[in-house]
Amino acid sequence: MLKPCPSSPRRLAAGTAQSSKITALVGWESRSAAGPESMGPPVCSRWLMKSEPESRLKNGVDVKFGIEDLKALPDQTGCWDGVRSYQARNFIRQMKAGQLAFFYHSNCKEPGIAGIMEVVKEAYGDPTQFDRKDVNYDASSRADEPKWSAVDVRFRRMTRRFLPLSELKRHHLQHRRDGGPLKDVALFTRARLSVQPLTSEEFDFILSLEDKEPQ
DNA sequence: GCCAACGTTGGC
DNA sequence: GCCAACGTTGGC
């Protein structure tokens with residue numbers, strides 16, 4: 001689904017239309033951006049981003065991009081482009097440099113969290129929307145008001161073990177019954193969302209699993 | 001390959 | 001603005 005462009009570091013230097021002006025926030029997005037003292041969903045300063053580690057053709061182009069592919073880029077840094085959902089885009093636009101995100105492998109043999117990356121460049125116009133040859137080209141997007149945004153992310157590290165979706169789901173179900181940090185985690189409450197917010201409680205709990213034996 | 005979830009589109 | 005049809009995501 002997502003196809004961070006392998007050639008990205010070059011792209012950055014060139015076009016970096018800051019599109020953050022357009023961040024008209026509504027609904028969940030604004031609530032999560034509210035101050036720590038306010039009501040509603042807690043502040044989300046962590047993220048989970050999905051990408052497909054196995055080859056799949058979309059319009060004849062392979063969309064494979066796993067964590068190893070990010071690691072292999074110059075500076076282990078890539079542009080997270082190709083996001084074409086408004087909800088996901090709005091989250092992209094909320095990201096701040098320095099924030100951490102899980103790299104999630106989706107649509108594959110074993111879905112789950114493979115590693116951690118860091119946002120190194122905040123939202124700018126996704127170059128692929130203007131590229132006729134790109135799978136995610138969007139003819140309706142105008143250069144003076146880009147519809148879609150991308151961020152740059154840098155590989156930080158692999159998780160000490162792969163954290164399978166099935167295991168996360170067990171915790172989610174248990175926390176839903178008995179209470180716990182993964183009770184409302186977006187991965188299970190918001191199907192198909194490719195860029196998701198995590199509270200630091202959610203993030204830390206998930207991360208704590210890497211040092212525990214898979215049950 | 002199946003299909004549930006869910007976002008988008010378009011007729012009215 | 002409603003909502004049925006349709007397309008996509010993504011786990012299984």
Side-chain angles (χ1 to χ4, degrees), chain A residues 1-5 22-32 41 44 47-70 78-95 101-115 117 123 126 128-129 131 133-142 145-151 153 159 161-177 182-198 202 205-206 209 214-215:
Chain A
M1 133 209 359
L2 300 174
K3 187 196 57 67
C5 46
I22 320 168
T23 332
L25 298 172
V26 283
W28 166 286
E29 289 77 10
S30 65
R31 287 179 296 158
S32 58
C44 291
W47 310 95
L48 180 146
M49 302 167 84
K50 300 180 181 178
S51 187
E52 304 184 33
E54 295 173 7
S55 286
R56 184 174 68 86
L57 295 186
K58 185 178 174 188
N59 303 335
V61 180
D62 194 351
V63 296
K64 169 187 187 295
F65 190 88
I67 195 163
E68 297 296 342
D69 298 300
L70 176 62
C79 160
W80 203 276
D81 61 23
V83 171
R84 294 295 181 270
S85 128
Y86 289 105
Q87 284 184 53
R89 181 205 67 179
N90 291 344
F91 288 130
I92 287 271
R93 290 181 177 179
Q94 284 180 40
M95 293 180 175
F102 287 126
F103 195 121
Y104 178 91
H105 281 171
S106 74
N107 204 14
C108 56
K109 230 8 177 322
E110 193 171 32
I113 291 169
M117 53 195 171
D126 177 347
T128 65
Q129 68 196 307
D131 179 358
K133 309 235 169 47
D134 195 276
V135 188
N136 298 116
Y137 172 65
D138 183 350
S140 73
S141 187
R142 298 161 42 95
E145 199 175 326
K147 229 184 230 187
W148 307 110
S149 299
V151 289
V153 290
T159 44
R161 68 181 177 87
F162 184 79
L163 303 173
L165 177 65
S166 55
E167 184 177 343
L168 300 173
K169 188 166 194 172
R170 279 208 327 272
H171 289 289
H172 165 64
L173 292 174
Q174 191 187 324
H175 290 182
R176 224 173 47 176
R177 266 183 290 115
L182 296 195
K183 190 163 74 77
D184 299 313
V185 72
L187 190 56
F188 303 107
T189 59
R190 320 188 81 196
R192 301 196 297 149
L193 187 57
S194 67
V195 176
Q196 322 188 337
L198 293 174
E202 291 168 337
F205 177 85
I206 291 171
L209 297 175
Q215 300 171 1

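Both backbone and side-chain heavy atoms feed into the values below; hydrogens, waters and symmetry mates do not. Residue numbers start from 1 in every chain, and the chains themselves are labelled A, B, ... in the order their sequence lines are given, proteins ahead of strands. Bear in mind the structure is a predicted one, so any value in this text is a computation, not a measurement.
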Rounded to whole Å, how long is the line connecting atom [atom1] of [X] with atom [atom2] of [N]?
X: A/Arg89; N: B/dT8; atom1: CZ; atom2: P; result: 11 Å
X: A/Arg192; N: C/dT8; atom1: CZ; atom2: P; result: 11 Å
X: A/Glu110; N: C/dG11; atom1: CD; atom2: P; result: 11 Å
X: A/Asn107; N: B/dG1; atom1: CG; atom2: P; result: 14 Å
X: A/Asn136; N: C/dT8; atom1: CG; atom2: P; result: 12 Å
X: A/Gln196; N: B/dC6; atom1: CD; atom2: P; result: 12 Å
X: A/Leu187; N: B/dA5; atom1: CG; atom2: C1'; result: 14 Å
X: A/Arg84; N: B/dC6; atom1: CZ; atom2: P; result: 23 Å

Under 3.5 Å: donor-acceptor pair, side chain of A/Asp126, backbone of A/Asp81 =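 Checking the backbone N and O of A/Asp81 against the side chain of A/Asp126, no donor-acceptor pair under 3.5 Å is found.
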A/Glu167 side chain to A/Pro214 main-chain N or O, any donor-acceptor pair under 3.5 Å?
->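 Not confirmed, A/Glu167 side chain does not pair with A/Pro214 backbone.
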Which of these nucleotides, [options], is closest to any side-chain atom of [X]?
X: A/Tyr86; options: B/dT8, B/dA5, C/dG11; value: B/dT8
X: A/Ala191; options: B/dC6, B/dG7, C/dG11; value: B/dC6
X: A/Lys169; options: C/dC12, B/dA5, B/dG7; value: C/dC12

Using distance alone, with no hydrogens and no angle criterion, decide if A/Asp62 and A/Ser55 have a side-chain donor and acceptor under 3.5 Å apart.
->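 Yes, A/Ser55 and A/Asp62 have a side-chain donor paired with an acceptor closer than 3.5 Å.
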Just checking A/Tyr104: base, sugar-phosphate only, or nothing, at a heavy-atom cut-off of under 4.0 Å?
->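 Counting heavy atoms under 4.0 Å across all strands, the contact made by A/Tyr104 is with sugar-phosphate only.
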Classify the nucleic acid contact of A/Lys109 as base, sugar-phosphate or nothing, counting any heavy atom under 4.0 Å across all strands shown.
->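 No contact.
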How about A/Trp47 and A/Tyr104: are their ring centres within less than 6.0 Å of each other?
->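 No.
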